[in-house]
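Inspection log for the structure reproduced underneath, given as structure tokens.
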Amino acid sequence: MNINFQQRALKLALVSAFALGAAAVGVNGHAASATGNATATVIAPIAIANTTDLAFGKFAASTGGTVVMDPAGARTATGAVVLSTVTPGAAASFNVTGDNNATYAITLPGTASITSGVNTMSVGTFTSTPSATGTLSAAGAQTVTVGGTLTVASAQVAGAYTGTFDVTVEYN
């Protein structure tokens, strides 16, 4: 009886060892794992602020034409518009801030209107410096200047005309 008990105990031990060994071989033989890294970089949001308004200055309309203000602040006239030297006007100026050394796209409006009561004039052909794309400095800033062309009608009604236009910047 003692031998029978020992044989059963040995069989049970062998079966258990085999089962555990097979399970360990199965897990280790068919699975693998690795560790990956996750990263993220948060950048400063891009922002734009107007610091100088686009001003076409004083002029006489006569039989009409245009007043052109370039982004450098140089003003010229076409047609019969006569420019006054008393108020020469200025290009618009915007401060752009954001992530250091980042590039960004500049979107200018197609047209805008300025009004004095019920009277209007159209502003178009907007241009900027830099043109189309800018690059922020190592400190994350850049100035964008904007000019445009004001269309003046023949005998345009005298008055102070005002209006707005939007300049949009977006990271590339």
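- Of all heavy-atom pairs spanning Ser62 and Ala80, the tightest one is CB-O, 3.0 Å.
- Remark: side-chain polar atoms of Ser128 are paired, donor with acceptor, to backbone N or O of Pro130 under 3.5 angstrom.
- Counting heavy atoms from C-beta outward, Val167 and Leu108 have side chains that approach closer than 4.5 Å.
- Hydrophobic clustering (ILVMFWY, side-chain heavy atoms < 4.5 Å, transitive): Leu136 and Ile43 are in one cluster.
- No donor-acceptor pair closer than 3.5 Å links the side chain of Ser93 to the backbone N or O of Thr51.
- Note that the CD atom of Gln142 and the OH atom of Tyr104 stand 3.5 Å from one another [nearest 0.5 Å].
- A search for side-chain hydrogen bond (donor to acceptor under 3.5 Å, both in side chains) contacts involving Asn172 returns Thr103, not counting sequence neighbours.
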- Derivation and outcome, side chain to side chain contact (heavy atoms under 4.5 Å, CB included), residues Val152 and Phe56: CA-CA 11 Å; Val152 182; Phe56 290 97; over 6 Å; no
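- In this structure, OH on Tyr161 lies 7.5 Å from OG1 on Thr120, to the nearest 0.5 angstrom.
- A distance-only check finds no donor-acceptor pair linking the side chain of Arg75 to the backbone of Val67 [under 3.5 Å].
- Among all heavy-atom pairs drawn from Phe126 and Gly110, the shortest one is CD1-O, 4.1 Å.
- Contact between Leu83 and Ala77 at its shortest, heavy atoms only, is CG-CB, 3.7 Å.
- No side-chain heavy atom of Val157 sits under 4.5 Å from any side-chain heavy atom of Ser116.
- Note that the OG1 atom of Thr135 and the CG atom of Asn101 stand 8.5 Å from one another [nearest 0.5 Å].
- Using a 4.5 Å cut-off on side-chain heavy atoms (C-beta onward), Asp166 and Pro109 make no contact.
- With values rounded to the nearest 0.5 angstrom, Thr164 atom OG1 is found 11.5 Å from Leu54 atom CG.
- Between Tyr171 and Ala102, the shortest heavy-atom contact is CE2-CB, 3.6 Å.
- Under the rule for a side-chain hydrogen bond (donor to acceptor under 3.5 Å, both in side chains), the partners of Thr66 that lie at least two apart in sequence or sit in another chain are Thr78.
- Rounded to the nearest 0.5 angstrom, Thr125 OG1 and Met69 CE are separated by 14.5 Å.
- With rounding to the nearest 0.5 Å, the separation of CZ in Phe94 from OG1 in Thr52 is 9.0 Å.
- Two residues are said to be in side-chain contact when any heavy atoms from C-beta on lie closer than 4.5 Å; Ile114 and Thr162 fail this criterion.
- A pairwise comparison of heavy atoms in Ala153 and Ala61 identifies O-CB, 3.9 Å as the closest pair.
- Of the possible donor and acceptor atoms, none in the side chain of Asp53 sits under 3.5 Å from a partner among the backbone N and O of Ala55.
- Using a 4.5 Å heavy-atom cutoff, the side chains of Asn95 and Ile48 are not in contact.
- Taking 4.5 Å as the limit, some side-chain heavy atom of Leu150 sits within range of a side-chain heavy atom of Phe59.
- At distances below 3.5 Å, not a single donor-acceptor pair connects side-chain atoms of Gln156 with backbone N or O atoms of Thr63.
- The minimum heavy-atom distance between Ala139 and Asn100, with the atom names listed, is C-OD1, 3.4 Å.
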